[in-house]
Amino acid sequence: MLKKWITLSQKAIAKSMVFNHHQFERHSAIDESKKSFFDVLKLRDCVIIIPINNLKKFICVRQYRHGIDDFTLEFPAGLIDSGESPLEAAIRELREETGYISENWHFLGKYQVNPAFMNNYYYYFLAVETKNEHNQSLDPLEEIEIELVDRDKIEQYSQFNHSAMMLGLQLARSSKLF
């Protein structure tokens with residue numbers, strides 16, 4: 001029977017704006033000869049919002065991503081602030097990144113993105129009947145363009161290849177709420 005590994009030591013390696021890098025020395029509870037150092041990125045939890053308006057168009061954001069040194073087409077998303085519920089963060093992020101609001105929110109699930117070396121969760125929300133009632137209120141380092149994409153054409157967009165976003169799209173489609 002599997003058992004949790006035993007932590008022998010833990011060391012903070014680096015702190016950054018986005019994550020804290022820790023290294024754990026662990027050994028197997030079943031076989032102590034299986035022992036090594038493991039890297040873990042500690043990150044804040046995030047929200048991903050799948051917004052759709054009354055014309056059945058997804059409200060997407062295009063932005064530059066440093067990890068791939070290129071642009072992506074994504075759903076609005078962001079970090080959950082301290083003391084903020086996932087729904088509060090979703091409402092805030094949708095308004096800040098797009099200027100859109102919704103009074104019709106549906107929780108689609110909470111998922112680990114990469115538990116092999118990351119500790120955070122993504123909370124997915126569907127926002128239907130969204131309305132553009134505000135200007136964008138971007139963070140100082142954000143540059144975002146809004147793109148409306150037909151519901152039936154989104155999977156044909158070659159730029160829409162972010163795995164966390166594809167999960168959101170599949171969750172929304174499975175919900176039968178739009």
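- Cluster membership for M166 and V113, using ILVMFWY side-chain heavy atoms within less than 4.5 angstrom, is shared.
- Taken together through direct or relayed side-chain contacts under 4.5 Å among Ile, Leu, Val, Met, Phe, Trp and Tyr, L55 and L148 form parts of separate hydrophobic clusters.
- Residue E143 comes nearest to L138 through the heavy atom pair CA-CD1, 4.4 Å, listed as atom of the first residue, atom of the second, then distance.
- Side-chain atoms of H22 and D39 include no donor-acceptor pair closer than 3.5 Å.
- Between I48 atom CD1 and L171 atom CG the span is 9.5 Å, to the nearest 0.5 Å.
- Legend: residues meeting salt bridge (Lys or Arg N to Asp or Glu O under 4.0 Å) with E96, ordered by chain and number and at least two apart, are R92.
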Report task. Please assess C46 against N120 for the test side chain to side chain contact (heavy atoms under 4.5 Å, CB included), listing each intermediate value before the final yes or no. Result -> CA-CA 8 Å; C46 301; N120 68 328; 4.0 Å; yes
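- Side-chain N or O atoms of D150 include none that pairs as donor or acceptor with a backbone N or O of D152 at under 3.5 Å.
- Inter-residue side-chain proximity for H106 and N104 is flagged as met; some heavy-atom pair is nearer than 4.5 Å.
- Cluster annotation: L87 is connected to V47 through the hydrophobic network of ILVMFWY side chains, with a link wherever side-chain heavy atoms come within less than 4.5 Å.
- Between L94 and I49, the closest heavy-atom pair is N-CD1, 4.2 Å.
- Side-chain contact between I6 and R26: absent, with no pair of heavy atoms (C-beta onward) separated by less than 4.5 Å.
- Across every non-hydrogen atom of K42 and N119, the tightest pair is CA-OD1, 3.0 Å.
- Taking a cutoff of 4.0 Å between a charged side-chain nitrogen and a carboxylate oxygen, E74 and R65 qualify as a salt bridge.
- Taking the six-membered ring for Trp, H66 and Y64 have ring centres closer than 6.0 Å.
- For an aromatic pair to be called close, the ring centres must be under 6.0 Å apart, and F58 with F75 satisfies this.
- Separating the OG atom in S16 from the NE2 atom in H21 is a distance of 10.5 Å, to the nearest 0.5 Å.
- Across every non-hydrogen atom of G99 and N132, the tightest pair is O-OD1, 3.4 Å.
- Here the side chains of F24 and V40 are in contact, with some heavy-atom distance below 4.5 Å.
- A 4.5 Å side-chain heavy-atom check between T7 and E25 finds every atom pair outside the cut-off.
- In this pair, Y122 and Y124 present their aromatic rings tilted. The plane angle is within the 30 to 60° band.
- Closest of all the heavy-atom pairs between P76 and I59 is CD-O, 3.5 Å.
- Here the CD-OG distance, from E97 to S137, works out to 10.5 Å after rounding to the nearest 0.5 Å.
- The two residues T130 and A127 make their nearest non-hydrogen contact at CG2-O, 3.5 Å.
- Residue-environment remark: CD (E103) stays at or below the threshold of 12 foreign heavy atoms within 6.0 Å.
- Taking the side chain as every heavy atom from C-beta outward, F125 and I50 never approach each other to under 4.5 Å.
- With hydrogens and angles disregarded, no donor-acceptor distance shorter than 3.5 Å links the side chain of Q170 to the backbone of L167.
- Under the salt bridge (Lys or Arg N to Asp or Glu O under 4.0 Å) criterion, E129 pairs with no residue, sequence neighbours left out.
- Hydrophobic clustering of Ile, Leu, Val, Met, Phe, Trp and Tyr side chains at less than 4.5 Å, counting indirect connections, unites F107 with I80.
- The ring pair (Phe, Tyr, Trp, His ring centres under 6.0 Å) pairs that include a residue from residues 79-103 number zero, where partners must be two or more places apart or lie in different chains.
- No donor-acceptor pair closer than 3.5 Å links the side chain of S102 to the backbone N or O of W105.
- Two residues are said to be in side-chain contact when any heavy atoms from C-beta on lie closer than 4.5 Å; S175 and L108 meet this criterion.
- No more than 12 heavy-atom neighbours from other residues, nucleotides or ligands sit within 6.0 angstrom of CG on L2.
- Between the CD1 atom of I13 and the CD atom of Q10 there is a distance of 10.0 Å, given to the nearest 0.5 Å.
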Report task. Go through L43 and M118 one step at a time and tell me if the side chain to side chain contact (heavy atoms under 4.5 Å, CB included) criterion holds. Result -> CA-CA 7 Å; L43 299 100; M118 296 167 62; 3.9 Å; yes
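- Proximity of a side-chain donor or acceptor of E93 to a complementary backbone N or O of A90 within less than 3.5 Å is not detected.
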Query raised in the report: So E145 and Q63, side chain to side chain contact (heavy atoms under 4.5 Å, CB included) or not? Walk me through it.
Result: CA-CA 7 Å; E145 290 181 356; Q63 58 189 322; over 6 Å; no
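- Note that NE2 of H162 and CG of L169 are 13.5 Å apart. Values are rounded to the nearest 0.5 Å.
- Looking at heavy atoms from C-beta onward, R62 lies out of side-chain contact with I144 at the 4.5 angstrom threshold.
- Under the 3.5 Å distance criterion, the side-chain polar atoms of D31 are matched with a main-chain donor or acceptor of S33.
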**Report entry** Trace of the side chain to side chain contact (heavy atoms under 4.5 Å, CB included) decision for V61 with E147
**Finding:** CA-CA 6 Å; V61 294; E147 190 168 327; over 6 Å; no
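- With contacts defined as side-chain heavy-atom distances shorter than 4.5 Å, the pair L8/K35 qualifies.
- The distance from the CG atom of N135 to the CZ atom of R95 is 9.5 Å, given to the nearest 0.5 Å.
- A cation-pi geometry, defined here as NZ or CZ lying under 6.0 Å from the six-membered ring centre and within 45° of its normal, holds between K110 and Y121.
- Ion pair R44/D81 flagged as a salt bridge, since at least one NZ, NE, NH1 or NH2 atom sits closer than 4.0 Å to an Asp/Glu carboxylate oxygen.
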